[in-house]
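In this chain, residues are counted from 1 in sequence order. Read the numbers this way: they start at 1 and go in the same order the structure lists the ligands and their atoms. Hydrogens, waters and symmetry mates are skipped; everything else that's a heavy atom, side chains included, is used.
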Amino acid sequence: MVISRIDLRGSLPGDLRDVLPRAELDVEAAVERVRPICEDVRRRGVAAVRELTKRFDGVELESTRVPAAALERALAELDPKVQAALEESIRRARKVHRDQRRTDITTTVVPGGTVTERWVPVDRVGLYVPGGRAVYPSSVVMNVVPAQEAGVPSLAVTSPAQPDFGGLPHPVILAACALLGVEEVYAVGGAQAVAMFAYGTEECAPVTMVTGPGNIWVAAAKRLLKGRIGIDSEAGPTEIAILADATADPVHVAADLISQAEHDVIAAAVLVTDSEELADAVEAELAVQVAATKHSERIAEALSGRQSGIVLVSDLEDGLAVVNAYAAEHLEIMTADAHEVAARVRNAGAIFIGPYSPVSLGDYLAGSNHVLPTGGCACHSSGLSVQTFLRGIHVVDYTREALAEAAPYVCTLADAEDLPAHGAAIRARFGWSIPGGRNG
Ligand code: NAD
């Protein structure tokens, strides 16, 4: 088992991002590769989606839409234990996301002058559930619950067609949709799925927003079509960073690094520690645990990739500087005073405090959302939430008196910007007789 070490003991470099491990994911180059795919879907609709599904997923689709009977069958055949776990996951996620709902707020700016911020859900969303290397029924929950809690009136889910499951998405994904009451599901993956949602086809009405995690092709298509559709943050290959000191248990640290490396050969697992003893113990533990786990090849590749590594720092102060610069999708704090350290983290998609809050809990059952910004985007973006699906509309309501009071200021600013028609629109309401007006 090889995992690289970066020794930053002593002084930290000026721009930490230059030395920290990170996947070289060229989404811009991928944008050029997906441009013809999206264009094809725009021009030829469902015929293009079918051809692309045959090319990339090896499935000849009769219809891109999953029949209602397939959703019902998937739920009827769902293992009761999986059903109970999904139901608990949904219950907890719903509890957290329900609390995120915003109420409209009216501010009385001046007597007779109010501004109300009205929160309105987007009309229709397309939710992407990945299904290439691994399948993610949990991502159905994480996408659908916030959209439902936001009150989105129309939502559709898509996930890649699977040759092993009769060309439908994975049955547990279908069952999760059925459990959540989602009736509109498509068997389409990759960039063509994002384009199908953005442009619409004969079988799928266009949406206003696409959310959900996915591989580089999905991220590139979202980047390309942003503007035509709204998107959430780019949630690409999974990342875990762990900030740990000598008090951390190397068995837990190794297990958690492995748990996220399991997602993808380009998933990132980074340990930041001021303890060389812990670094040595974790490395030894990784060798044992990777060898014993099911997807050991994929995990070993992810851990030995340039996106993963162990970063040694002089103290936790420097450790905090490193994790803030890295802005991990998932950040675990395994230090003696984990709450105090966590409170000082500024950049992370989600923070997991102490030995009993592992990322795996957040992946499925913490109640938090697992669709989180990756690739350093956590320094400017948030994970999926009810807020993702809402727009705040300002509703302005002023009386004649309140406008009269504001009018001189508006006219002065309009003149300062050399936009006299702006001032005229105000003066017209007062017969030009206000201060600053033609007769004022
Ligand atoms: P995916 O569904 O994102 O992608 C599969 C699709 O990619 C296929 O349907 C195919 O159409 C398309 N494709 C494959 N090769 C292609 C090519 N050469 N050109 C164009 N299109 C191609 O599934 P995946 O590949 O397993 O990736 C899922 C990703 O999502 C993983 O990296 C995982 O780590 C990540 N993930 C992230 C989060 C998060 O919140 N950040 C959560 C879950 C999963």
With atom 12 (C) of ligand 1 as the reference point, say which of Gly190, Pro213, Pro373, Gly212 has the nearest heavy atom. Gly190
Can you list the ligand 1 atoms lying under 4.0 Å from a non-hydrogen atom of Glu329? 39 (C), 40 (O), 41 (N)
Pick whichever of Tyr136, Tyr128, Trp217 has a heavy atom sitting closest to atom 44 (C) of ligand 1. Tyr136
Sub-3.5 Å N/O-N/O distance, Phe56 and ligand 1: no
Of the backbone atoms (N, CA, C, O) and the side-chain heavy atoms from C-beta on, which set of Asp57 has a member under 4.0 Å from an atom of ligand 1: side chain, backbone, both, or neither? side chain
Heavy-atom closest contact (Pro21 atom, Gly309 atom, distance): CG-N, 4.3 Å
Under 3.5 Å: N/O of Ser139 near N/O of ligand 1: no
Quick one: sort the Tyr186 and Phe197 rings into parallel, tilted or perpendicular, breaks at 30° and 60°. perpendicular
Quick one: does Gln192 get within less than 4.0 Å of ligand 1, heavy atoms only? yes
Give the atom numbers and elements of ligand 1 that come within less than 4.0 Å of a heavy atom of Val218. 3 (O)
Salt bridge check, Glu88 against Arg92: does any charged N sit closer than 4.0 Å to a carboxylate O? yes
Does a salt bridge link Arg102 with Glu117, judged by any charged N lying under 4.0 Å from a carboxylate O? no
Would you say the side-chain atoms of Thr208 and Asp123 include a donor-acceptor pair closer than 3.5 Å? no
Looking only at heavy atoms, which two atoms of Glu202 and Arg44 are closest? And how far apart? OE2-O, 4.2 Å
I'd like to check Pro67 versus Leu168 (side-chain heavy atoms, cut-off strictly below 4.5 Å). Are they in contact? yes
Is it true that Ala191 lies under 4.0 Å from ligand 1, counting heavy atoms only? no
Using a 3.5 Å cut-off on N or O atoms only, is Leu372 in polar contact with ligand 1? yes
Nearest candidate to atom 29 (C) of ligand 1, where distance is taken over non-hydrogen atoms, out of Ala220, Gly349, Gly214: Gly214
Any donor-acceptor N or O pair under 3.5 Å, side chains Gln192, Asp40: no
For Thr211, which of Asn143, Asp232, Thr388 qualifies under side chain to side chain donor-acceptor pair (under 3.5 Å)? Asn143
Separation between OG (Ser368) and NE2 (His97), nearest 0.5 Å, reads 7.5 Å
Please check whether Thr374 reaches ligand 1 - meaning an N/O of the residue sits under 3.5 Å from an N/O of the ligand, judged on distance alone. no
With respect to His263, determine whether any N or O atom, backbone or side chain, lies less than 3.5 Å from an N or O atom of ligand 1. no
Can you tell me how far the CD atom of Glu32 sits from the CG atom of Leu224, to the nearest 0.5 Å? 8.0 Å
Ligand 1 atoms nearer than 4.0 angstrom to some heavy atom of Pro130 are 1 (P), 2 (O), 3 (O), 23 (O), 28 (C)
Examine the proximity of ligand 1 to Asn215 and report which part, side chain or backbone, both or neither, has a heavy atom under 4.0 Å away. both
So between Asp232, Val34, Asp264, whose heavy atom ends up nearest atom 31 (C) of ligand 1? Asp264
Looking at Val371, which atoms of ligand 1 are within less than 4.0 Å of one of its heavy atoms? 40 (O)
